[in-house]
Amino acid sequence: MIDRVARFGRFWLDALERFGRAQLFLARSLGAMPSLIPRFPLLIQQLYASGVMTLSIILVSGLFVGMVLALQGYNLLQGFGAEAALGQAVALTLVRELGPVVTGLLFAGRAGSAMTAEIGLMKATEQLSGLEMMAVDPFKRVYAPRLFAGFLALPMLAAMFSAVGVLGGYLVGVEVLGVDAGAYWSNMQSSVAFVEDVCQGLIKALVFGLVVSWIAIFEGADCIPTSEGVSAATTRTVVYSSLSVLGLDFVLTAIMF
């Protein structure tokens, strides 16, 4: 019994200690942000790696999610004789919730895992130690560009996800199910507010981008420098990022709405 209590206590002490190191890591990374001004090409390179390389899966997923929402929404609204409100239902669902959340999950699985694996391999092959020996700060050269790139990329990807999702809903609702095109667009435009809906969805995406990038970079920098350690860190990135996105979505939704 005493051993169980000791192991339980040790687990939580280790978890708190690691969380504290993650907080200090984030603070140092944010403090290195001004150094990105003379290193602007590094930021562009990471924006391409995090954003552009993730764009294809975002667009395809957004299209199919919008199509599924149109199918499900039409079946639900048809029972109330409110098929004309399909555009409103699809747009609000995407802009408020599914756009930021699904984009955050896909970003964690694709870009976040790639960040962790890349930084973990840099640590395993002692590239980070080599940078420190040459008086190059890894926080300015490696961590800060990736953190800021993820912070910028995810809101843009979420906006594209929502836009393509609305288009997918139009293709199914109007072209397949026969909903009036004017009613689809007019109800959507009259019900979706820029500040209350669009901006709050973008705020969620900004928070998700920062948290997912932070987790991914920290896991790579803190992993055991072996192949097994890098593999375990990549798995932790996807798991922790997904749980963080879902948990923060509830908190932000409760605060905003």
Does the [X] side chain pair with the main chain of [Y], one donor and one acceptor, at a distance under 3.5 Å?
| X | Y | answer |
| --- | --- | --- |
| N187 | A84 | yes |
| W214 | A22 | yes |
| T116 | A216 | yes |

Qualifying residue, where the test is ring pair (Phe, Tyr, Trp, His ring centres under 6.0 Å) with F218 and the options are F25, F139, F19, Y240 | F25
Compare all side-chain heavy atoms of [X] with those of [Y] and state whether any distance is below 4.5 angstrom.
| X | Y | value |
| --- | --- | --- |
| L42 | L36 | no |
| K204 | T253 | yes |
| I58 | F107 | no |
| F208 | V101 | yes |
| W185 | V174 | no |
| I203 | M256 | yes |
| L71 | V176 | no |

Please say whether more than 12 non-hydrogen atoms of neighbouring residues, nucleotides or ligands are located less than 6.0 Å from CD in E126.
-> no
Is the CD1 atom of I224 crowded by more than 12 outside heavy atoms at less than 6.0 Å?
-> no
Distance check, rounded to the nearest 0.5 Å: [X] atom [atom1] versus [Y] atom [atom2]?
| X | Y | atom1 | atom2 | answer |
| --- | --- | --- | --- | --- |
| Q200 | E97 | CD | CD | 10.5 Å |
| Q127 | L121 | CD | CG | 8.5 Å |
| R28 | L26 | CZ | CG | 12.5 Å |
| S50 | M156 | OG | CE | 10.0 Å |
| Y170 | E175 | OH | CD | 4.5 Å |
| M134 | S129 | CE | OG | 10.5 Å |

With side-chain contact (heavy atoms from CB on, under 4.5 Å) as the test, would you mind laying out the steps for V90 and Y184 before giving the verdict?
-> CA-CA 10 Å; V90 171; Y184 182 90; 4.1 Å; yes
Given side-chain contact (heavy atoms from CB on, under 4.5 Å), test V172 with L177 step by step and report yes or no.
-> CA-CA 6 Å; V172 171; L177 299 176; 4.1 Å; yes
Locate the shortest heavy-atom distance separating [X] from [Y]; write the atom from each residue and the value.
| X | Y | value |
| --- | --- | --- |
| I119 | A221 | CG2-N, 3.6 Å |
| G99 | A158 | O-CB, 4.1 Å |
| L154 | A205 | CD2-O, 3.4 Å |
| S213 | M115 | OG-CE, 4.2 Å |
| A89 | L77 | CB-CD1, 4.5 Å |
| G220 | K123 | O-CD, 4.2 Å |

Salt bridge (Lys or Arg N to Asp or Glu O under 4.0 Å) between R18 and D14, intermediate numbers included | CA-CA 6 Å; R18 195 163 189 267; D14 291 342; over 6 Å; no
Cluster link [X] to [Y], ILVMFWY, side chain under 4.5 Å:
| X | Y | value |
| --- | --- | --- |
| M33 | V207 | yes |
| V52 | L147 | no |
| F194 | L252 | yes |
| V68 | M188 | no |
| I217 | I44 | yes |

Could you check L157 against L106 for side-chain contact (heavy atoms from CB on, under 4.5 Å), going step by step and ending with a plain yes or no?
-> CA-CA 10 Å; L157 293 173; L106 294 174; over 6 Å; no
Electrostatic pair D137-R141, nearest N-O below 4.0 angstrom =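 Salt bridge flag = no for R141 with D137.
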Show the numbers, then the answer: is there a side-chain contact (heavy atoms from CB on, under 4.5 Å) between V211 and V245?
-> CA-CA 8 Å; V211 172; V245 166; over 6 Å; no
